[in-house]
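These notes are about the structure you will find just below.
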Amino acid sequence: MRLLQTALAVLAVPVMAALVVAGGHAVKGHESAVTVDQIDPIADALPTGDNTLSASDAAQEPATSAIPAPAAPQPPKPAAHSRAIDPDVVAPPDLSDNELERVEPRAPLSDLALAGPPKPPKTKMPSDWNGTKLFQPVATAAGLIESKGYAVAVSGVDVVKADETCSDEGKSWACGARARTAFRAFLRGRAVACTVPPEGGRDTITAECHIGNQDIGQWLVENGWARAAQGGPYVEAENKARTARKGIFGPAPKLDGLPAVPAASGPAPVAPDSILPADGGAVTPPTDQPAPAQ
């Protein structure tokens with residue numbers, strides 16, 4: 001019995017070897033595209049337990065079955081805003097007045113940013129500055145002062161021109177010249193302080209002027225030598241001067257105190273044409289004197 005089994009085993013070995021060789025040739029002829037040593041990327045991408053794929057399974061699966069389908073395009077996300085915006089309503093935010101504060105605009109970075117030419121720097125006056133002293137002032141009219149290259153019009157008054165005339169009881173008189181003379185007498189030998197810059201100019205400057213504690217504009221109006229500007233500080237002083245008939249508001253000055261012009265008492269002597277005698281220059285000795293000695 002043992003001999004029979006041994007003989008069958010010996011005969012079975014070559015038969016199995018022949019079957020293995022025949023099967024290898026058949027598989028090689030039908031599945032020539034599959035190689036054992038080639039690494040298949042599709043087989044690596046399949047979700048299998050051991051991440052492997054046999055040659056027969058690779059032949060049955062199509063080549064594009066493992067390629068994922070492209071994802072459908074998604075709509076763009078809307079931009080995020082800090083607060084809700086209603087496109088149909090445009091309104092400022094609801095803020096109370098206490099939360100708003102107005103601030104001054106910042107200064108320009110340079111003068112080139114300005115629309116016009118740069119302005120000259122302002123001269124800063126000291127805290128105890130009371131004006132510029134004008135020495136030896138000259139009154140060109142009642143209310144106009146010239147000194148040190150300045151031409152100053154006293155503020156708050158209407159200047160009385162030097163050629164102005166006033167009428168009194170139908171008679172005209174030179175009130176402008178009279179007012180200028182009175183103003184010159186008031187300024188003579190005194191220094192005037194006016195609120196003008198330290199450097200003078202060509203234009204007339206309207207400014208307040210004082211002599212000590214005396215306001216020059218007040219003095220001119222209250223004495224009737226100038227009229228108060230409309231809406232100025234000297235309107236009440238002008239009303240008092242008109243009531244008192246002072247200065248240009250009063251009568252013409254009286255000339256009775258001046259000495260009268262002497263009247264002619266006869267024909268005036270005629271001056272001789274020559275101081276030489278009429279006989280041509282001969283000198284006649286006096287008759288009462290003795291003749292000179294021989």
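- Atom CD1 of residue Ile145 and atom OH of residue Tyr150 lie 13.0 Å apart, to the nearest 0.5 angstrom.
- Here OG1 of Thr140 is found 4.5 Å from CD of Glu146. Values are rounded to the nearest 0.5 Å.
- Expressed to the nearest 0.5 Å, how far SG of Cys175 lies from CG of Asp168 amounts to 10.5 Å.
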Under 3.5 Å, which donor-acceptor pairs link side chains of residues 228-248 to any protein atom two or more places apart or in another chain?
from	atom 1	to	atom 2	distance (Å)
Tyr234	OH	Asp215	OD1	3.3
Tyr234	OH	Asp215	OD2	2.7
Glu238	OE1	Ala228	N	2.9
Glu238	OE2	Arg242	NE	3.0
Glu238	OE2	Arg242	NH2	3.1
Asn239	ND2	Val235	O	3.4
Thr243	OG1	Asn239	O	2.9

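- Rounded to the nearest 0.5 Å, atoms NZ (Lys133) and NE2 (His210) are 12.5 Å apart.
- The 12-atom threshold is exceeded at CZ of Arg184, counting heavy atoms of other residues, nucleotides or ligands nearer than 6.0 Å.
- For Glu208, the CD atom is loosely surrounded, since the number of other residues' heavy atoms within 6.0 Å does not exceed 12.
- The closest donor-acceptor contact from the side chain of Ser147 to the backbone of Phe135 lies under 3.5 Å.
- Taking every heavy atom of both residues into account, Gly143 and Leu220 meet most closely at CA-CD1, 3.8 Å.
- Screening Val196, Val192, Thr132 for a side chain to side chain contact (heavy atoms under 4.5 Å, CB included) with Val152, the sole residue that qualifies is Val196.
- Distance check: Arg178 CZ to Cys166 SG gives 12.0 Å after rounding to the nearest 0.5 Å.
- Here Leu144 contributes atom CG and Thr204 contributes atom OG1; the two are 7.0 Å apart, rounded to the nearest 0.5 Å.
- Smallest separation of non-hydrogen atoms from Trp173 and Pro253: CE3-CD, 3.3 Å.
- Put simply, the side chain of Val157 does not reach to within 4.5 Å of the side chain of Arg227, judged on heavy atoms.
- At distances below 3.5 Å, not a single donor-acceptor pair connects side-chain atoms of Arg180 with backbone N or O atoms of Ala162.
- Here Phe186 and Trp219 bring their ring centres to under 6.0 angstrom of each other.
- Crowding of Gln136 atom CD: a count of heavy atoms from other residues, nucleotides or ligands under 6.0 Å not exceeding 12.
- Of the residues listed (Leu187, Ile216, Ile211), the one engaging Pro137 in a side chain to side chain contact (heavy atoms under 4.5 Å, CB included) is Leu187, and it is the only one.
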